[in-house]
Amino acid sequence: MIVVAGESLIDLVPQGTGALAPLSPRPGGGPYNTAVALGRLGSAVAFCSRVSTDGFGDVLVDGLRAAGVDTSLVQRGPEPTTLAVATLGADGSAGYGFYAQGGADRLFALPAALPPQARAVALGTCSLVLEPGASAYEALLRREAERGLFTLLDPNIRPALIPDADAYRARFRSWLPHVSLLKVSQEDARWLGGSVEEWLAAGPAAVVLTRGAAGMTVRTRGGGAGVSVPAAAVEVADTIGAGDTVNAALLHRLRAHGALSARASAALCADAWDDTLAFAARAAAITCSRPGADPPYAAELGP
């Protein structure tokens with residue numbers, strides 16, 4: 001089982017241009033999208049979070065179950081669901097404004113244990129920023145890494161939510177010894193500073209750098225120049241959920257290659273990494289071709 005830990009929320013996606021364009025509510029949140037994508041791909045997956053008992057929260061939990069995601073680690077509370085208002089650029093790229101004060105996802109508490117069949121944990125985005133839940137998610141990352149689980153971190157930086165950029169960058173560096181696979185977008189990498197080489201030296205077995213329409217690249221610890229694949233050609237509706245789909249596709253394909261461990265992923269051959277990245281690129285392209293975060297099903301991707 002792969003456990004995805006972090007926030008769920010409602011994306012309010014504009015259905016037109018201008019500040020007063022009608023908004024369409026859609027289930028979202030980076031970790032939530034990753035969990036749904038894993039379920040749709042056919043991986044055994046559980047979602048670990050705190051979700052509101054309001055109507056939006058019920059929709060979020062129903063969406064997890066519809067995708068085959070185990071919800072036994074989902075905590076429920078009466079606090080409201082966080083809202084993210086999306087703005088779309090001419091190229092379909094998305095920016096966000098957040099209404100997160102007092103949201104249920106911020107009150108996440110560290111679970112006593114994960115299911116015994118858990119082999120990997122994926123974390124990232126707002127959940128590692130917004131306290132008090134951020135400290136609980138950080139504790140989960142450290143605890144499960146020490147137990148030997150494969151860990152994926154996607155910082156998925158939202159600058160508007162980070163009051164002290166330098167403090168966050170220091171926290172990010174402190175997480176790296178506990179990370180097996182670091183996935184960052186080119187924009188995240190520029191904001192975080194440092195380099196792939198520095199990050200690999202700090203702990204991760206591999207770093208995947210996504211570059212939008214230019215594709216993605218992986219570098220492994222001691223692995224030389226790395227492997228790159230182009231993006232899959234597609235008519236873009238928007239990019240909402242694309243990076244989250246990449247997370248899911250990477251984990252799903254690494255599991256298929258028997259590489260859900262830091263040692264195995266660092267030693268994975270170039271052909272297997274090429275297959276893994278190409279699979280992730282195809283999955284992300286399908287998500288980009290549809291409005292909102294709507295990741296693909298296994299049948300849409302083929303073998």
For Gln15, does the CD atom have more than 12 heavy-atom neighbours from other residues, nucleotides or ligands under 6.0 Å away? yes

Take atom CD of Glu235 as the centre, draw a 6.0 Å sphere, and report whether it contains more than 12 heavy atoms from other residues, nucleotides or ligands. no

Side-chain heavy atoms of [X] within contact of [Y], under 4.5 Å:
X: Val246; Y: Asp154; answer: no
X: Met216; Y: Val218; answer: no
X: Asp244; Y: Pro295; answer: no
X: Asp105; Y: Leu9; answer: no
X: Tyr168; Y: Leu192; answer: yes
X: Ser180; Y: Leu152; answer: no
X: Arg119; Y: Arg255; answer: no
X: Leu128; Y: Pro155; answer: no

Are the charged groups of [X] and [Y] less than 4.0 angstrom apart, N to O?
X: Glu146; Y: Arg143; value: no
X: Glu300; Y: Arg290; value: yes
X: Arg219; Y: Glu197; value: yes
X: Glu79; Y: Arg50; value: yes
X: Arg76; Y: Asp58; value: yes

Give, for atom [atom1] of [X] and atom [atom2] of [Y], the distance between the pair rounded to the nearest 0.5 Å.
X: Asp188; Y: Arg158; atom1: CG; atom2: CZ; answer: 7.5 Å
X: Asp11; Y: Phe98; atom1: CG; atom2: CZ; answer: 8.0 Å
X: His178; Y: Glu138; atom1: NE2; atom2: CD; answer: 8.0 Å
X: Arg106; Y: Ser127; atom1: CZ; atom2: OG; answer: 12.0 Å
X: Leu200; Y: Thr220; atom1: CG; atom2: OG1; answer: 7.5 Å
X: Thr81; Y: Leu83; atom1: OG1; atom2: CG; answer: 7.5 Å

If you look at every heavy atom in [X] and [Y], which pair is closest and at what distance?
X: Ala100; Y: Leu130; value: CB-CD1, 3.9 Å
X: Ser228; Y: Thr217; value: OG-OG1, 2.6 Å
X: Ala281; Y: Ala232; value: O-CB, 3.9 Å
X: Ala104; Y: Ser52; value: CB-N, 3.5 Å
X: Ala249; Y: Ala283; value: CB-CB, 4.0 Å
X: Cys288; Y: Thr239; value: SG-CA, 4.1 Å

Applying the side-chain contact (heavy atoms from CB on, under 4.5 Å) test to Cys126, which of Thr82, Ile162, Leu161 qualifies?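 Going through Thr82, Ile162, Leu161 one by one, the side-chain contact (heavy atoms from CB on, under 4.5 Å) with Cys126 is satisfied by Leu161 alone.
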
Out of Val4, Leu251, Val3, which one pairs with Val45 under the side-chain contact (heavy atoms from CB on, under 4.5 Å) rule? Val4

Please assess Val179 against Trp199 for the test side-chain contact (heavy atoms from CB on, under 4.5 Å), listing each intermediate value before the final yes or no. CA-CA 10 Å; Val179 174; Trp199 298 334; over 6 Å; no

Can you list every ring pair (Phe, Tyr, Trp, His ring centres under 6.0 Å) pair that touches residues 118-161, not counting sequence neighbours? Phe108-Tyr137

Under 3.5 Å, is there a donor on one side chain and an acceptor on the other for Arg142 and Ser174? yes

Is [Y] reachable from [X] through a run of hydrophobic residues whose side-chain heavy atoms are each under 4.5 Å from the next?
X: Val229; Y: Leu250; result: yes
X: Ile157; Y: Leu141; result: yes
X: Trp191; Y: Leu182; result: yes
X: Ile240; Y: Ile286; result: no
X: Val59; Y: Val85; result: no

Side-chain donor-acceptor pairs under 3.5 Å in residues 268-276, sequence neighbours left out?
unit_1: Trp273; atom_1: NE1; unit_2: Ser265; atom_2: O; d: 3.3
unit_1: Asp275; atom_1: OD1; unit_2: Arg253; atom_2: NH2; d: 3.2
unit_1: Asp275; atom_1: OD2; unit_2: Arg253; atom_2: NE; d: 2.9
unit_1: Asp275; atom_1: OD2; unit_2: His257; atom_2: NE2; d: 2.8
unit_1: Thr276; atom_1: OG1; unit_2: Ala272; atom_2: O; d: 2.9

I'd like to know if the side chain of Thr34 reaches the main chain of Ala248, judged simply by a donor and an acceptor atom lying under 3.5 Å from each other, with no hydrogens or angles considered. no

N/O donor to acceptor pairs below 3.5 angstrom from side-chain atoms of residues 23-32, sequence neighbours left out:
unit_1: Tyr32; atom_1: OH; unit_2: Leu60; atom_2: O; d: 2.8

